[in-house]
Amino acid sequence: MHEADFDVAGKTAIVTGASQGIGESIAKTLAAGGADVAICSRSMDRVGPVAEEINDSEADGEALAVECNVREREQVQNLVDETVAEFGDVDILINNAGGEFVAPFEDISANGWETIVDLNLNSTVHCTQLAGEVMREGDGGVIINMSSVNGQHAAPGESHYGASKAAIIRLTETLAVEWAEYGIRVNCIAPGLIQTPGVAETLGIDSEDMPPREETDRRIGYGEDIADVAQFLASPAAAFMNGETVTVKGVPRAGNSMSQDLGLED
Ligand SMILES: NC(=O)c1ccc[n+]([C@@H]2O[C@H](COP(=O)([O-])OP(=O)(O)OC[C@H]3O[C@@H](n4cnc5c(N)ncnc54)[C@H](OP(=O)(O)O)[C@@H]3O)[C@@H](O)[C@H]2O)c1
């Protein structure tokens, strides 16, 4: 009988943007699955406690917190170096750090455009090239990029974000072909609306006002919904998946605004 293998135990993962939200969920899930995780954000005060929580938990994997702004290539190099020094390798890279602000295209300044493209796309390039070097020189690995349904379909007010997230999908497809010879699989997740502090901030609401999981009717998701898919893609069970974008969006939104999905308006 064939048994599916979702095991990540003994692997080393880098998860960017793991001080909260989806990245925090992915880091905790992989650690619970036995992977060691190097987690980063721009602030040790914010990412340090997540690592402490993992290390104080029953999780088999260990956590290392590294302060790293993924927009700064030298800091990303330091993240990779610290990961290898602590855990000896990089097997899994989760390019999760990202963000946005909502504005009509004509109101986005050159600086605003560059900031969003730099944060979402260029940071993914830095992390992938630098962690990828370790994978290419070693036994290969798995790279998982965070796109968005807004990188697959138009969303008003998100031209900069959508363009950067669409580019991540094509980068994923290209690298899956280019790096197959090194034993590196590259896949992408396109989340729908996920309840995170970042979404609450974008909507200008208090995270406390967002509905609990059991009341969402699967129209919004939770970090764990993305973390489960990330673990699958990182595991041997996904060995035949390469260059794919997995959409994870629950019940499709049928013209609802995000606020309607969140139950904040009729
Ligand atoms: N939530 C959704 O509905 C949704 C939907 C589709 C796609 N996504 C994507 O999923 C990813 C995570 O989203 P989220 O909602 O969990 O975001 P979030 O709540 O805003 O959290 C973002 C994380 O990224 C970190 N971060 C931001 N800028 C960084 C930088 N320059 N260097 C290092 N870390 C940085 C933040 O930490 P610090 O502030 O401590 O630096 C934080 O840990 C993003 O790529 C986002 O575009 C989210």
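Indexing begins at 1, ligand by ligand and atom by atom, following the structure's order.
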So which heavy atom in the protein is nearest [atom], and how far is it from that ligand atom?
{"atom": "atom 3 (O) of ligand 1", "result": "I194 N, 2.8 Å"}
{"atom": "atom 48 (C) of ligand 1", "result": "I22 CD1, 3.7 Å"}
{"atom": "atom 14 (P) of ligand 1", "result": "T196 OG1, 3.6 Å"}
{"atom": "atom 20 (O) of ligand 1", "result": "G198 CA, 3.2 Å"}
{"atom": "atom 46 (C) of ligand 1", "result": "Y161 OH, 3.5 Å"}
{"atom": "atom 37 (O) of ligand 1", "result": "S19 OG, 2.9 Å"}
{"atom": "atom 32 (N) of ligand 1", "result": "V70 N, 3.0 Å"}
{"atom": "atom 44 (C) of ligand 1", "result": "N96 O, 3.2 Å"}

Out of [options], indicate the one that has the non-hydrogen atom closest to [atom].
{"atom": "atom 38 (P) of ligand 1", "options": "Q20, R46, Q75, M44", "value": "R46"}
{"atom": "atom 4 (C) of ligand 1", "options": "C68, P197, G192", "value": "G192"}
{"atom": "atom 10 (O) of ligand 1", "options": "R42, E100, M146, E67", "value": "M146"}
{"atom": "atom 22 (C) of ligand 1", "options": "S43, S148, S164, G98", "value": "G98"}

Can you find an N or O of [X] that's nearer than 3.5 Å to an N or O of ligand 1?
{"X": "G17", "value": "yes"}
{"X": "G99", "value": "no"}
{"X": "N120", "value": "no"}
{"X": "N69", "value": "yes"}
{"X": "G21", "value": "no"}
{"X": "V149", "value": "no"}

Between [X] and [Y], does any side-chain donor sit less than 3.5 Å from a side-chain acceptor?
{"X": "T247", "Y": "Q152", "answer": "yes"}
{"X": "N145", "Y": "T172", "answer": "yes"}
{"X": "N78", "Y": "E82", "answer": "yes"}

Say whether [X] and ligand 1 are in contact under the criterion: heavy-atom distance to a ligand atom below 4.0 Å.
{"X": "K165", "value": "yes"}
{"X": "G221", "value": "no"}
{"X": "L119", "value": "yes"}
{"X": "S123", "value": "no"}

Contact atoms of ligand 1, heavy-atom distance to V199 under 4.0 Å
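It comes down to these atoms of ligand 1: 1 (N), 2 (C), 3 (O).
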Enumerated ligand 1 atoms positioned under 4.0 Å from heavy atoms of A18
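By the 4.0 Å cutoff, the relevant atoms are 43 (O).
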From [X] atom [atom1] to [Y] atom [atom2], the distance as rounded to the nearest 0.5 Å:
{"X": "T16", "Y": "H126", "atom1": "OG1", "atom2": "NE2", "answer": "12.0 Å"}
{"X": "D225", "Y": "K249", "atom1": "CG", "atom2": "NZ", "answer": "14.5 Å"}
{"X": "E158", "Y": "I108", "atom1": "CD", "atom2": "CD1", "answer": "9.5 Å"}
{"X": "E173", "Y": "E178", "atom1": "CD", "atom2": "CD", "answer": "12.5 Å"}
{"X": "N95", "Y": "I168", "atom1": "CG", "atom2": "CD1", "answer": "7.5 Å"}

Just by distance, do the side chain of [X] and the backbone of [Y] share a donor-acceptor pair under 3.5 Å?
{"X": "D89", "Y": "D91", "answer": "no"}
{"X": "S164", "Y": "Y161", "answer": "yes"}
{"X": "R185", "Y": "I144", "answer": "no"}
{"X": "N187", "Y": "G243", "answer": "yes"}

Residues in side chain to side chain contact (heavy atoms under 4.5 Å, CB included) contact with T29, at least two apart in sequence or another chain:
A227, D228, Q231
Taking K28 first and then E224, would you say they form a salt bridge - that is, a charged N and a carboxylate O separated by under 4.0 Å?
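Salt bridge absent between K28 and E224.
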Identify which one of L130, V84, V142 satisfies the side chain to side chain contact (heavy atoms under 4.5 Å, CB included) criterion when paired with V90.
V84
With heavy atoms under 4.0 Å as the rule, classify the contact between A190 and ligand 1 as side chain, backbone, both or neither.
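Neither part.
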